[in-house]
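Below is one structure, written out as structure tokens, with a few remarks after it.
Below, all heavy atoms of this structure are taken into account, side chains as well, without hydrogens, waters or symmetry copies.
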Amino acid sequence: MIQVSGIDELTARLKAYQKQVSDPKVKTRIMAAGGQVVKRKAATLAPKSRKDHKYYPKKGSPVTIFSGNLKKSMRVYRGREGDVYVGPHFMRRVTGDIGATAKTASGYYAAALFKSAAAFRRDIMEAAAAQASAKVFNAVEKAYARFHDQNAPK
């Protein structure tokens with residue numbers, strides 16, 4: 001008869017590892033690597049004007065919207081249950097020129113460029129996700145391997 005010792009300890013470590021991987025914060029951190037790839041691809045697909053534009057708010061002086069603002073406004077958003085979303089960032093309040101840097105960029109008008117939000121999602125976001133799917137998979141796999149190397153059950 002063969003006696004194997006340590007099975008209970010191994011099972012406990014594997015359960016702890018599974019619990020750690022199923023944590024939404026860890027899932028989000030791993031999936032965000034793929035979101036960065038989609039963000040870069042969406043920024044390349046987003047249209048860029050040849051010149052800067054002016055925005056005339058009801059109060060205050062005119063604001064300049066710099067060329068390439070929509071490309072700079074792309075962000076990766078982390079959801080609560082481990083989900084990752086990619087899309088343009090909307091500024092809630094206009095303070096100064098828009099799109100001079102990535103921090104001041106606002107993609108508020110993204111849907112207006114494509115006549116609807118659904119058209120923007122279809123033409124830019126879904127196209128970016130489809131074109132970058134292999135790179136997304138590789139980035140997520142690499143992030144998971146990095147996590148596994150640091151937290152593997154011993």
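- A continuous path of ILVMFWY side-chain contacts below 4.5 Å connects L113 to Y55, so both sit in one hydrophobic cluster.
- When the side chain to side chain donor-acceptor pair (under 3.5 Å) test is applied to S116, no partner is found at least two apart in sequence or on another chain.
- Between S133 and A130 the shortest heavy-atom distance is OG-O, 3.3 Å.
- By the 4.5 Å heavy-atom criterion applied to side chains, E126 and R121 are counted as neighbours.
- Atoms CD and CE, on Q36 and M31 in that order, are 13.0 Å from each other to the nearest 0.5 Å.
- Scanning all heavy atoms of the two residues, the minimum distance from F90 to G107 falls at CE2-O, 3.0 Å.
- Atoms CG and CD1, from L45 and I124 in turn, are 5.5 Å apart once rounded to the nearest 0.5 Å.
- Pairing each heavy atom of V84 with each of G35, the nearest pair is CG1-CA, 4.2 Å.
- Taking the side chain as every heavy atom from C-beta outward, M74 and K41 never approach each other to under 4.5 Å.
- Side-chain contact check for I98 versus Y108: every heavy-atom pair is 4.5 Å or farther apart.
- Within the model, atoms OG of S67 and NZ of K72 stand 8.0 Å from one another, a figure rounded to the nearest 0.5 Å.
- Put simply, CG on N69 and CE on M91 are 9.0 Å apart, with the number rounded to the nearest 0.5 Å.
- Screening residues 89-99 for salt bridge (charged side-chain N to carboxylate O under 4.0 Å, His left out) gives no qualifying pairs among residues at least two apart or on separate chains.
- Among all heavy-atom pairs drawn from P47 and F114, the shortest one is CD-CZ, 3.9 Å.
- V37 and A132 make their closest contact through CG1-CB, 3.9 Å (heavy atoms, listed as atom of the first residue, atom of the second, distance).
- Closest of all the heavy-atom pairs between P57 and P62 is CD-CA, 4.2 Å.
- Residue F66 is tested with T101, T104, D52 for a side-chain contact (heavy atoms from CB on, under 4.5 Å); the sole match is D52.
- The CD1 atom of I30 sits 10.0 Å away from the NZ atom of K27 when rounded to the nearest 0.5 Å.
- Once rounded to the nearest 0.5 Å, the distance linking NZ of K54 with CD1 of I65 reads 10.0 Å.
- Contact of the L70 side chain with the K48 side chain is not registered, since no non-hydrogen atoms from C-beta on lie closer than 4.5 Å.
- Between the side chain of K71 and the main chain of A43, a donor-acceptor pair closer than 3.5 Å is present.
- With sequence neighbours excluded, no residue forms a salt bridge (Lys or Arg N to Asp or Glu O under 4.0 Å) with E141.
- Note on ring orientation: taking the six-membered ring where Trp is involved, the planes of Y144 and F147 are tilted (angle from 30° to 60°).
- Taking a 6.0 Å sphere around CZ of F137, one finds it holds 12 or fewer heavy atoms contributed by other residues, nucleotides or ligands.
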